[in-house]
Amino acid sequence: MSLLSVRDLQVDFTTRNGRVTAVNRIGFDVESGKITAIIGESGSGKSVACYSLLGLLPMPPASVERGTAVFNGRDLLAMTERELRQIRGRDIAMIFQDPMTCLNPYMTVGAQLVEPLIYHRKVSAKEARTRALELLTEVGLRDPESTIDQYPHQFSGGMRQRVMIAMALINEPKLLIADEPTTALDVTIQAQILALITDLQRKRDIGVIFISHDLSVVADIADEIVVMEKGHVVERGDRLRIFEQAEHPYTRKLLAAIPAGSKVPAECAREDLIQVRNLCTWFPQGKGAEPLRAVDDVSFTVQRGEVLGLVGESGSGKSTIGRSLLRLVPITSGEVLFDATDVTQLQGTALKHMRRRMQMIFQDPYASLNPRMSVYDALAEPLLLHGIESRKTVEQGVLRLMDDVGLARAFVRKYPHEFSGGQRQRIAIGRALATRPEFVVADEPVSALDVTIQAQILELMLNLGREYGLTMLFVSHDLAVVRHIADRILVLHQGRVVEQGTGEALFNAPQEEYTRQLLQAIPGRILLQ
Amino acid sequence: MTATTITDATLAEQGTSLWQDAWRRLRKNRLALFGLAVLSTFIVIALVTPWIAPYAYDAQNLDLGASPPSAEHWLGTDIFGRDLLTQIMFGGRISLAVGFVATAVALVIGVTWGAVAGYMGGRVDAVMMRLVDILYALPFMIFIVLLMVVFGRNLLLLFLAIGAVEWLTMARIMRGQVQSLRQQEFVEAAISLGLSPATIVRRHLVPNALGPIIVYTTLTIPSVMLLEAFLSFLGLGVQPPATSWGLLISYGAETMEEYPWLLIFPGAALTLTLFSLNFLGDGLRDALDVRGSGD
């Protein structure tokens, strides 16, 4: 018998505009010692389904309309809140996407760790601490004796997620629900956390529900895959079957959206548009402290018409390089020659004219658009500022830009909050292209987006790049994405360039140890074969 | 999910701006419209009072003395037999003028000062905000008394003096807002578009900081009106026979047991104004928040 067996589950939300069915009569099973992955885009109902099992949804507006979820012989959906509390954190534990917001910043890690233990098992404080130390060792925290008394902000993202896992496991649960546990982490850390979860789950023989929007993340670890779209389970089956013989068109669409293969480097004019020489960008850390060397003596060139990929983990300085080139952060030393003009020396009008020629696309389309400006205002601003269109013709200019980035003209009066993430990123791309720049820095432009949307935006950027004759610096932590879009790739580590070359060369014959580590960490080996 | 669907985004609508959109939303808010109507009426009355007032504001009728509302004196008369309606109308001129002008002074100085300090940051910010701290620390009454002694009693000076004190809090609120807003990527995007700092502050930062500013403004207007009453009471503001709502209320309060109408009617005028201001303020805040329109 399955550990958890969900049947005919329906969850509705009552909104101002009527009822919305978020989860529509779905069913799936989780076995002990197996990982069941639930895959879907944002809004597919994957998280709602799992949260409803534990009574974690706000009711109202949510309501469980029908269904059963038999766990250990008892129906979770029929339990009272009191009974559920006995189950939560004890038999069923959860880990969340963002370990920072899930840990209380005012409590030491140790204090938080023993809390569920003391609550559910009524053990003594000393015993609980011993148990906590054992677990921290098990999840691979270095030097748990001293770190147990530290506060969450003293940990890195990966370490915090380890703490969260330890916290989830401390009561020896039978079922672990992991909601996008690696989405906020770097690739290498992601690989470690995935390995940790599989390892612990095998050793302890627990069932895992792994929620993710990204098929490639679960490709190596899931036993069973459940694909959800708009509240329905459209396909479920064994991992290999899903990857090799997906039946439902949506599953195929998801699989096709995973960036694969290297771009064939474009034929460039072999003319350097940008030359970066010994660029250093250091951030002062207060009196007496060593400055943070975010970018440390970096030199490279970008050829006219090429897409240069900049790859590295968080803290590698990749975003800072992009911002330094565009004069968005003050640089410490070095030269940035743009078409033989040193950008770092420009002031006033000369700088304004230079800004027209180089633009930026930001990571978070939710933060990079002014919430009080409609699409029209956002796109008209650069057109008017740089005199590209006059007051009379600006309207046509805005509409043309919307056509270019694939936004319906009817949306011209809408505000950013009325759009989805992908549409917002289109607006942001439109704004960057409004000045008809020669060079664009794209800072993780797709990492906040769903996989299928990612593929669309990448496609759009490649097309527009050709159409506008753009030179692009594409910054990302995701090697697969960069390989898909970039002609050449620069690998960064701790503010320095480690290796550079074409995607093909880097993937097939990496020269440096660090590059090899990054490649090893890419999830979804199965997809590459 | 949002309820606003823009189906008729025709080209004719092109010229609209944040303010026009806000006006469209404000029109749907009944309370705010009520507030706007009341305030407009009061302002119009205040403007034409010298021509429509039933009596002269200093006309006394000592034989009549304090009389309750009657056909000749709709709102009654005070102990000198002066018509209360006339008093309230003339008093409204002063009170509304002080309230709006002093707040406008505070708004302009405070928002500009706070936005510049918040946007520039660093040393500029430190110097500008220390100045605010110093002014905060000055005893307000002494400041006003000094002004009055040096320049003589003068209504315009009163406006300026009150405005000069009220802007301090406004500047602090604005600075806090701008500081958190300028961390956001859309400001970086504006910089990379080549916008000048002044344009960034005006077009990107101020509109996003308006919510708290408007709420604080609607709180400032009534507090300024009361401040004027207090100053007048001390003999530093308007002097009889000229009057203001604040003065009428404080005199009315002294005699409220014998002649309650002398307190009730001026009080009602002030209360109605304050309610209207609050409704309008809340309405404006919601109307300017584009996100609040649908969900």
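Letters go in sequence order (proteins before strands), and every chain restarts at 1. The figures that follow rest on heavy atoms only: side chains count, while hydrogens, waters and symmetry mates do not.
There is no contact between A:His353 and chain B, counting heavy-atom distances below 4.5 Å. Neither the backbone nor the side chain of B:Leu181 comes within contact range of chain A; no heavy atom of the residue lies under 4.5 Å from a heavy atom of that chain. Contact of A:Leu385 with chain B is made through the side chain alone, with heavy-atom distances under 4.5 Å. Proximity to chain B (any heavy atom under 4.5 Å) is restricted, for A:Met358, to the backbone atoms N, CA, C and O.
Taking both residues in full, the closest heavy atoms of A:Arg431 and B:Ala189 are given as NH2-CB, 3.3 Å, listed atom of the first, atom of the second, then distance.
Within a 6.0 Å radius of CZ in B:Phe275, other residues, nucleotides and ligands contribute 12 heavy atoms or fewer. More than 12 heavy atoms of other residues, nucleotides or ligands shown are found within 6.0 angstrom of CE on B:Met128.
For the side chain to side chain contact (heavy atoms under 4.5 Å, CB included) with B:Leu193, the lone residue among A:Arg356, A:Gln359, A:Lys352 that qualifies is A:Gln359. Only one option out of B:Gln184, B:Glu185, B:Glu188 pairs with A:Ser368 in a side chain to side chain contact (heavy atoms under 4.5 Å, CB included); it is B:Glu185.
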Mind running side chain to side chain contact (heavy atoms under 4.5 Å, CB included) on A:Arg355 and B:Leu195 for me, showing each step along the way? CA-CA 9 Å; A:Arg355 289 206 188 281; B:Leu195 263 65; over 6 Å; no
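When A:Met360, A:Glu381, A:Met354 are compared by the number of non-hydrogen pairs under 4.5 Å with chain B, A:Glu381 comes out ahead.
Among the residues in residues 323-330 of chain A, those with a non-hydrogen atom closer than 4.5 angstrom to a non-hydrogen atom of chain B are A:Arg323, A:Leu328.
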